[in-house]
2 protein chains.
Amino acid sequence: MNDERQQRVLDAAQRLFLKYGYDKTTVNDIAAEAGISKGAVYLHFKSKEAVMDALILREGQRVQADIMRRLAADPDGGNLFNIFRYGLIGLAENELMRAFYSRRREVFGDLLKRLAPKIADAEARSMSVEFVRQYQAAGLIRPELDPATVAFLMMVMRYGLLTIDEVVPRDESPPIEAVGALIADLLQRGLAPEGGGDPEAGKALFNTLAQGALERLKQQGRPAPDTEEGK
Amino acid sequence: MNDERQQRVLDAAQRLFLKYGYDKTTVNDIAAEAGISKGAVYLHFKSKEAVMDALILREGQRVQADIMRRLAADPDGGNLFNIFRYGLIGLAENELMRAFYSRRREVFGDLLKRLAPKIADAEARSMSVEFVRQYQAAGLIRPELDPATVAFLMMVMRYGLLTIDEVVPRDESPPIEAVGALIADLLQRGLAPEGGGDPEAGKALFNTLAQGALERLKQQGRPAPDTEEGK
């Protein structure tokens with residue numbers, strides 16, 4: 001996993017998949033882009049498909065690590081929707097993950113059919129009805145709100161944010177950091193009970209969720225919470 | 001415009017465009033589906049493209065009328081984001097308009113290139129930075145919020161809501177009415193100043209906006225605020 005050459009292959013594949021798409025990229029192309037022989041690519045990956053799987057795994061882990069870093073550095077611990085906020089920012093800033101959540105055929109080509117259930121899984125895990133219920137149980141989201149509707153709306157926001165560059169060029173959009181901050185603020189004011197909820201319960205739940213994410217990240221040396229094979 | 005046969009042609013074209021797409025549908029197909037001769041279609045429309053234009057116009061007007069009806073019937077006049085809410089619901093419930101905002105190539109085919117600027121115009125008009133500024137001037141949105149970021153977020157919500165059926169089947173989603181109500185509630189709580197803003201200023205602005213929409217709807221007998229040719 002830590003092999004420098006393996007990472008070089010993944011870097012090369014990422015550039016080519018994003019630029020020409022999975023279908024049009026060959027293992028030969030990847031080898032040439034990485035500056036190594038085709039045989040050397042096969043030392044690390046048994047197929048082009050295995051390269052894409054490893055790439056999704058790596059980028060998913062990177063986003064997860066990015067989220068943890070942003071959370072740790074955030075002075076605004078009081079906003080309990082910062083997990084969602086940094087998740088959005090982390091995904092939006094990773095071109096491969098953005099394409100993944102947008103199900104871009106130009107990038108994933110024929111693999112899309114096989115990947116679709118994985119994407120749906122990753123989506124469900126990162127903003128599930130269960131998550132909303134936990135927030136409600138901790139008194140952080142008003143109890144009268146329907147968990148399925150809240151979870152759906154948050155999914156709509158994420159899907160819209162990750163796909164809107166299909167219609168609004170990124171350089172014409174407000175900075176993603178500003179959009180993320182507004183979303184967290186809106187959710188905190190809009191979903192929390194009068195008074196904003198019990199900050200202690202919030203911290204406790206937050207720590208549980210963050211720790212869970214961190215553990216999945218470290219787990220087994222081949223973790224990637226957003227793209228794992230097994231369930 | 002009120003010609004019964006003309007409407008029948010549009011109904012037939014709508015079914016075929018949504019089912020087979022613009023490119024694969026011929027004027028002959030439309031005539032057969034409408035149960036009239038090809039020549040009779042040409043009495044009303046000079047080309048297949050003119051049929052699509054008239055259809056987009058008609059459906060845009062229908063959505064606009066639907067929004068006005070819902071607003072008039074709403075007992076919850078206090079929520080000033082109901083215009084946005086009913087706009088979302090109206091668009092989401094109209095299959096052609098949903099496809100229009102989602103830029104569905106399967107429906108609009110080669111016309112998409114020509115239609116794209118119209119769609120962007122319609123989007124900009126229905127949730128513009130200017131709209132947010134008017135709300136701020138009337139004290140209905142907190143003045144410290146950046147209008148461009150707020151407008152962008154509302155656009156993200158609309159785009160996400162109108163396109164998410166690409167990944168979540170509509171029959172697995174919560175009812176659109178519930179989602180619309182949650183969005184309006186979230187925006188009211190999340191964007192309004194402490195105390196919710198001045199209800200009188202809100203009513204006044206609301207009436208101005210609603211009247212503007214109504215007038216565009218009636219205007220010239222060939223209005224369609226969302227699809228008009230001229231600007």
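Throughout, protein chains are lettered first and strands after them, A, B, ... in sequence-line order, and every chain is numbered starting at 1.
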Note: [X]-[Y] ion pair, threshold 4.0 Å (strictly below):
X       : Y       : result
A/Glu59 : A/Arg62 : yes
B/Lys48 : B/Asp29 : no
A/Arg70 : A/Asp74 : no

**Item:** chain B contact via A/Leu153 - side chain, backbone, both or neither, heavy atoms under 4.5 Å
**Value:** side chain

**Message:** Please classify the contact of A/Leu145 with chain B as side chain, backbone, both or neither, using a heavy-atom distance under 4.5 Å.
**Reply:**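 It is the side chain, since no backbone atom gets that close.
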
**Message:** Taking the ring centre of each residue, are A/Tyr22 and A/Phe108 less than 6.0 Å apart?
**Reply:** no

**Item:** Which of A/Ala181, A/Ser173, A/Ala148 touches chain B most, by non-hydrogen pairs under 4.5 Å
**Value:**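 Answer, by heavy-atom pair count under 4.5 Å with chain B: A/Ser173.
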
